[in-house]
Student: 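Supplied in structure tokens, the structure appears directly below.
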Amino acid sequence: MTDHTTDTTESIQDMNLDELREEIADIDNGIVELIARRTYVADAVAQVKAEQDLPTTDETQEERVMQRAGENADHFGVDSNLVKAIFRLLIEINKAEQRQNR
């Protein structure tokens with residue numbers, strides 16, 4: 001666990017229920033913002049793939065993303081399977097959008 005995570009954990013323990021819910025709402029907003037950013041970049045990747053007549057699926061790249069997701073999960077002490085499942089969903093959604101736009 002990082003020092004930032006420890007600091008956050010200590011401050012969270014001092015919050016009441018409403019404050020905790022507000023913190024979750026702020027985090028949820030950040031997650032949605034990051035998903036939007038990731039989707040925007042994935043759309044740019046799809047355009048490059050289409051211009052270069054590359055396949056939608058790149059299994060080697062997907063494996064790198066999944067490996068990185070697992071390592072990040074371990075670094076932050078989060079269930080690796082959960083994080084990988086979320087990333088698998090993001091990848092599959094991006095691939096479906098790429099197929100629709102071709």
Side-chain angles (χ1 to χ4, degrees):
M1 202 179 284
T2 64
D3 289 336
H4 174 71
T5 304
T6 303
D7 292 344
T8 301
T9 302
E10 290 171 1
S11 64
I12 284 176
Q13 291 174 349
D14 295 333
M15 293 180 170
N16 66 37
L17 183 59
D18 289 337
E19 292 169 330
L20 290 168
R21 287 180 173 158
E22 185 175 324
E23 182 72 12
I24 287 175
D26 289 344
I27 293 166
D28 290 349
N29 184 57
I31 290 169
V32 172
E33 180 181 354
L34 291 172
I35 291 170
R37 284 179 51 200
R38 189 182 196 287
T39 301
Y40 175 78
V41 174
D43 289 345
V45 168
Q47 288 176 342
V48 171
K49 285 181 179 181
E51 290 167 4
Q52 296 179 6
D53 198 30
L54 297 171
T56 300
T57 299
D58 181 345
E59 290 179 13
T60 303
Q61 177 61 20
E62 288 179 26
E63 287 178 26
R64 284 194 291 258
V65 171
M66 297 305 287
Q67 177 71 28
R68 187 173 58 234
E71 290 170 0
N72 284 331
D74 291 342
H75 175 77
F76 288 103
V78 179
D79 184 320
S80 179
N81 291 325
L82 171 64
V83 171
K84 287 180 179 182
I86 292 167
F87 274 83
R88 175 59 50 209
L89 179 61
L90 290 170
I91 289 168
E92 292 304 321
I93 290 169
N94 290 144
K95 288 192 316 188
E97 289 177 3
Q98 285 180 34
R99 284 187 211 103
Q100 286 178 345
N101 294 329
R102 281 203 171 191

Student: Run I31 and I35 through side-chain contact (heavy atoms from CB on, under 4.5 Å) and show every step you take.
Tutor: CA-CA 6 Å; I31 290 169; I35 291 170; 3.8 Å; yes
Student: Looking at R21, I'd like to know if its CZ atom is crowded, meaning that more than 12 non-hydrogen atoms belonging to other residues, nucleotides or ligands lie closer than 6.0 Å.
Tutor: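 Count not over threshold, so no.
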Student: Any link between L90 and V41 through a network of hydrophobic side chains (Ile, Leu, Val, Met, Phe, Trp, Tyr) touching at under 4.5 Å?
Tutor: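 No; tracing contacts between hydrophobic side chains, which count when under 4.5 Å, never links both residues.
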Student: Table please: side-chain donor-acceptor pairs of residues 55-73 below 3.5 Å, with sequence neighbours left out.
Tutor:
| unit_1 | atom_1 | unit_2 | atom_2 | d |
| --- | --- | --- | --- | --- |
| D58 | OD1 | T60 | N | 3.3 |
| D58 | OD1 | Q61 | N | 3.2 |
| Q61 | OE1 | R64 | NE | 3.0 |
| Q61 | OE1 | R64 | NH2 | 2.7 |
| E62 | OE1 | R88 | NH1 | 3.1 |
| E62 | OE2 | K95 | NZ | 3.1 |
| Q67 | NE2 | E71 | OE2 | 2.8 |
| N72 | ND2 | R68 | O | 3.3 |

Student: How far apart are the C-alpha atoms of D14 and E19, what are their side-chain angles, what is the distance that settles it, and do they pass the side-chain contact (heavy atoms from CB on, under 4.5 Å) test?
Tutor: CA-CA 9 Å; D14 295 333; E19 292 169 330; over 6 Å; no
Student: What's the separation between atom CD1 in I86 and atom CG in L89, rounded to the nearest 0.5 Å?
Tutor: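 Answer for the CD1-CG pair, I86 versus L89, is 8.5 Å.
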Student: According to a hydrophobic-cluster definition based on side-chain heavy atoms being under 4.5 Å apart (Ile, Leu, Val, Met, Phe, Trp, Tyr only), do L82 and I27 belong together?
Tutor: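 In one cluster with L82: I27, yes.
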Student: Determine whether a donor-acceptor pair (N or O, by modelled atom type, separation under 3.5 Å) exists between the side chain of N29 and the backbone of A25.
Tutor: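 No: the side chain of N29 does not pair with the backbone of A25.
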Student: Does a sphere of radius 6.0 Å around CD in E22 hold more than 12 heavy atoms from other residues, nucleotides or ligands, not counting ones at 6.0 Å or beyond?
Tutor: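 No, CD of E22 has 12 or fewer neighbouring heavy atoms, counting only those of other groups under 6.0 Å.
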Student: Shortest non-hydrogen contact from Q98 to A42?
Tutor: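 Distance-wise, the nearest heavy atoms are NE2-O, 4.3 Å.
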Student: Check whether I93 and V45 end up in the same hydrophobic cluster, where Ile, Leu, Val, Met, Phe, Trp and Tyr are linked by side-chain heavy atoms less than 4.5 Å apart.
Tutor: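 No, I93 and V45 fall in different hydrophobic clusters.
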Student: Step by step, work out the side-chain contact (heavy atoms from CB on, under 4.5 Å) result for R38 and N94.
Tutor: CA-CA 9 Å; R38 189 182 196 287; N94 290 144; 2.9 Å; yes
